[in-house]
Structures are given as C-alpha cells and as structure tokens.
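Here is the naming used below: chain letters follow the sequence lines, and residue numbers restart at 1 for every chain.
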Amino acid sequence: MKTTVHFYGQLTDITQTPVLELEGIADTDSMIKDLLEKFPGLSQAKFSIAVDNSLVQNNTRLKDNTIIALMPPFSGG
Amino acid sequence: MDNLHERYERQIALPQLGEAGQKKLFSAKVLVVGAGGLGCPALQYLAGAGVGMLGIMDDDIISLNNLHRQLLYSSEEIGLSKATIASKKIEALNPATTIHTYNTRLTNAQALKLFPLYDLVLDCTDNFATRYLINDACALLKKTLVFGAINRFEGQVAVFNHNQEENIRPSNYRDLFPVPPSDNEVMNCAEAGVLGVLPGVVGTMMATETIKLITGIGEPLINKILLLNLLNYQQSIINIPHSTQGAANLPPDEQAFLHKDYVAACNPPSVFNIGRERLFELLEDPQTLLVDVRELHETPVVAQLPLIQIPLSVLHQNFDLFEKETIILFCQSGKRSLQAAALLTEKFGSKKKIFSLQNGVTDITGPVY
C-alpha cells in the first residue's frame with residue numbers, strides 16, 4: 001500500500017525532499033508518527049494535512065495510492 | 001472622460017464578461033490591505049479592469065529592497081509612503097476609479113468600521129497578526145476575503161467567507177490553521193527570501209479571483225486553497241471543509257473581536273520572558289547585549305553591569321544599535337521591555353534572540369525598598 005507525501009514551503013528544509021513515498025501506512029496518525037521518526041525536526045513545524053486534496057482535522061484512514069499534502073502557513077506578502 | 005467602451009473593449013468582448021460584467025466591475029468596491037508585493041499587481045489589475053472604488057491601506061514606506069518585486073514604485077520614491085504613491089500611480093492608470101488612501105496599520109476597530117464599506121477585502125499583508133485580524137473581521141462581518149501569501153518560490157491563494165450558497169457554511173483561514181503560529185516560528189520574506197516575480201504571479205491571481213467573484217464568471221477558489229510552486233509549476237487545489245476547531249477559535253462577537261490582541265497572539269510574551277538566573281548565564285556570552293529601555297531619568301540606576309540605554313519611546317529610531325545576536329531588555333516592571341521585545345521581533349524576526357527580564361530592574365538589583 002503506497003502513500004505519496006508532498007511537503008510544501010520550508011518543511012522541505014527539514015525533509016530535504018519535496019516528495020516522499022511511504023509503504024504500509026494505515027492512517028494519518030501513523031503517517032505522522034513515521035514521518036516524525038524520519039524527520040524529528042517536523043515536531044517543531046506547523047502544518048495542515050490534506051488527504052487526496054481535502055483538508056483533514058482528525059485521524060483519517062488511508063487507501064492505496066493516497067496523495068498527502070503537508071502545508072505550512074505562509075505569512076509573506 | 002475617456003471613451004469607456006474603448007478602454008475596456010477587450011474584456012467586454014469576452015462573452016462571459018460582456019457589458020453586464022463591466023457594469024458589475026464599475027460598481028464594485030474593493031479594499032486592498034497591504035500595498036507591497038501582492039498589493040501592487042492586485043491594485044494595478046483591479047484598476048485596469050475598471051473596479052469602481054479601491055481602498056489602499058499600508059503604513060509602510062518604500063525601501064530599496066522592495067523594488068525587485070513591488071513594481072508600482074521607483075527608485076526616486078524610496079522613503080515615501082506606499083499607500084500615497086500607490087494611490088497616485090493607480091489614479092494615473094485609471095482616473096475613473098475612486099481611491100481611498102489609508103496610511104495606517106489596520107486596527108481591530110478600523111476593520112469593523114471600514115470593511116462594511118467594501119464588497120470584498122484582499123489580504124495582501126506580510127504578517128500573521130494582521131492576517132488573522134483580517135480573517136476574523138471578515139468572518140464576523142460575512143465579508144468575502146481574497147487571501148494570498150508567499151514563501152520563497154511558492155504561493156497560496158484562497159477565497160474565504162464567501163456566502164455562495166445558503167446551505168454551505170463558508171470556510172475561513174482558521175479552518176486551515178485554527179491558531180496563529182508565532183511570527184518566530186515561520187520565516188517572513190526578509191529571512192526566507194522571495195523570488196521577485198512570485199508576488200507578481202500570486203497578486204495577479206488574487207486580482208483574477210476578485211474579478212471572477214465580482215462578475216460571476218469561472219470557478220473562484222471558494223473554500224479552497226491553491227498551492228503553486230514556480231520552480232516546477234506544480235499546483236494543487238485543496239478543499240477546506242468547515243472545521244469545529246476553526247470555528248471555536250473565532251471571536252464570537254464584535255466585542256470579543258475588539259478586545260483581541262492579535263500582535264500578542266502571534267508573539268506570545270512567554271517566549272521572551274527570562275528571570276535573573278538565565279540573565280547571568282546569557283551575559284557570559286560576549287554576543288549578548290543588555291538594554292535598559294526605561295526613560296533616562298528613571299531609577300535605580302544600574303551600574304553593576306555593562307549595558308546601553310535606549311528608552312522604549314525612541315527604540316524605533318535606534319534599531320542600528322542592536323548589533324549583537326542576543327538582546328536582553330529590561331525596564332521597571334517587565335512590561336515595557338515586553339513591548340520592546342515585540343517591536344524588535346517585528347524588526348529582526350528570528351535573526352536575533354530577544355529576551356525580556358520578567359520582573360524588570362529588580363532581576364538585576366534585587367528588591368529595592
């Protein structure tokens with residue numbers, strides 16, 4: 001089961017990649033746990049989570065080939 | 001008076017827009033908060049399109065390092081007011097547009113007073129405190145908000161609080177990010193850098209959304225946010241459902257809104273406060289500067305530690321004196337030094353470590369009886 005995670009803004013400073021593929025992730029909570037193990041710096045970052053182009057607030061079950069976006073707030077203008 | 005038809009003929013020729021759309025643009029009233037990177041192109045295209053009334057708000061002056069992206073301004077205008085110069089340029093572009101110039105930083109009370117005079121508000125600001133203030137005022141007043149924000153090579157565009165259908169609760173920025181991050185947690189353009197064309201693209205998209213909303217054409221980004229990366233042109237459109245957490249963080253009424261301190265919410269005082277013990281630890285580092293922000297006549301005089309005196313009242317004229325990396329501010333009680341810390345954070349962002357002595361001068365001298 002494949003999940004593709006896209007990192008936006010300065011999250012890529014932490015992950016050093018704009019996109020990452022994960023295997024065997026059941027839901028968004030376990031995805032975050034997995035990502036925090038890979039990139040501990042993410043614990044200090046603010047971001048929202050979108051699953052297949054829709055924002056989610058609570059733990060969400062993931063299907064195969066789900067696209068995730070981790071989106072930080074931008075203040076610049 | 002020029003020939004109206006000739007000025008707008010290329011957009012009236014669009015069957016989707018036509019004479020009817022043009023008339024809607026003539027009677028539209030749009031407030032643009034922030035006349036910087038996003039505001040400049042947004043204002044130009046809205047005036048060009050024939051928007052009848054434009055409000056232009058900015059308290060900033062034109063700086064040399066603005067000119068790579070804020071193309072309404074020119075080199076000889078450095079030091080002049082952005083709102084004033086933008087108004088002159090927009091008036092020259094389209095004399096038929098009525099312009100209201102506001103040389104101020106938006107306050108809660110002003111938002112409640114001004115927003116009802118306009119059909120739409122554009123958030124072209126550069127800080128979270130004003131962005132949340134605008135969002136909350138628009139949510140409270142049910143005013144359509146066109147949002148745009150930028151970072152390095154990436155942009156975000158969204159339409160909030162637009163009551164398109166009665167049965168759908170419109171989303172707002174708090175549905176995306178319920179509480180503001182502190183300005184320290186997210187870098188601004190000064191720290192992160194920004195490609196000059198990025199606000200040009202994103203500000204132009206904000207003008208596009210505004211024209212679409214006014215004329216009723218296309219599919220504006222209502223309850224959606226567009227994410228755009230200029231480096232590879234990848235785009236995503238994310239749906240923003242109404243969230244209970246977002247709603248819970250909105251001020252429930254005008255009184256609650258008026259009492260909300262947006263600057264403090266984005267710069268929580270606790271991040272600045274330190275006590276006596278931490279003070280002496282930090283002073284061991286030669287890159288630490290101790291600053292007395294009391295007025296010069298105030299006592300007790302601190303003679304036991306090296307320091308400089310920069311009263312809060314003249315702090316904004318003396319930013320060049322804060323050369324060191326770590327700044328510790330103190331006053332009589334710890335209150336004015338917090339204000340000074342907020343001011344310095346606004347100026348320097350996360351480039352400097354800024355602290356305020358929690359209990360004021362007594363943290364240095366011990367209690368004075």
For residues 224-240 of chain B, tabulate all N or O donor-acceptor pairs below 3.5 Å that involve a side-chain atom, not counting sequence neighbours.
from, atom 1, to, atom 2, distance (Å)
Asn229(B), OD1, Leu231(B), N, 2.8
Asn232(B), OD1, Gln234(B), N, 3.0
Ser236(B), OG, Tyr8(A), OH, 3.1
Asn239(B), ND2, Asn53(A), O, 3.4

Quiz: residues 27-35 of chain A side-chain donor-acceptor pairs under 3.5 angstrom, not counting sequence neighbours:
from, atom 1, to, atom 2, distance (Å)
Asp27(A), OD1, Asp29(A), N, 3.4
Asp27(A), OD1, Ser30(A), N, 2.9
Asp27(A), OD1, Ser30(A), OG, 2.6
Asp27(A), OD2, Asn59(A), ND2, 3.4
Thr28(A), OG1, Asn59(A), OD1, 3.1
Thr28(A), OG1, Thr60(A), N, 2.8
Ser30(A), OG, Asp27(A), N, 3.3
Ser30(A), OG, Asp27(A), O, 3.1
Asp34(A), OD2, Lys38(A), NZ, 2.6

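Distance alone, capped at 3.5 Å, is enough to place a donor-acceptor pair between the Gln156(B) side chain and the Pro72(A) backbone.
Contacts between Gln245(B) and chain A at a heavy-atom distance below 4.5 Å involve the side chain alone, from C-beta outward. Of the two parts of Phe153(B), neither the backbone nor the side chain holds a non-hydrogen atom closer than 4.5 Å to a non-hydrogen atom of chain A.
Proximity of Leu176(B) to Leu55(A): side-chain heavy atoms (C-beta onward) are separated by under 4.5 Å at one or more points.
With a 6.0 Å radius and a threshold of 12 heavy atoms from other residues, nucleotides or ligands, Lys352(B) has its NZ atom above the threshold. Annotation: Tyr45(B), atom OH; neighbour count of heavy atoms from other residues, nucleotides and ligands within 6.0 Å does not exceed 12. With a 6.0 Å radius and a threshold of 12 heavy atoms from other residues, nucleotides or ligands, Glu37(A) has its CD atom above the threshold.
Here the CD atom belonging to Gln57(A) is positioned 10.5 Å from the NE2 atom belonging to His242(B), to the nearest 0.5 angstrom. Taken to the nearest 0.5 Å, the NZ atom of Lys46(A) stands 9.5 Å off from the CZ atom of Phe128(B).
Within residues 15-26 of chain A, no residue has a heavy atom under 4.5 Å from a heavy atom of chain B. Applying a 4.5 Å heavy-atom cutoff, the residues of residues 30-42 of chain B that approach chain A are Gly36(B), Gly37(B), Leu38(B).
Phe177(B) approaches Ser48(A) most closely through the heavy-atom pair CE2-OG, 3.1 Å.
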query = Are Asp13(A) and Arg152(B) close enough, and set up right, to give a side-chain contact (heavy atoms from CB on, under 4.5 Å), and what steps lead you there?
reply = CA-CA 12 Å; Asp13(A) 287 1; Arg152(B) 288 183 176 161; 2.9 Å; yes
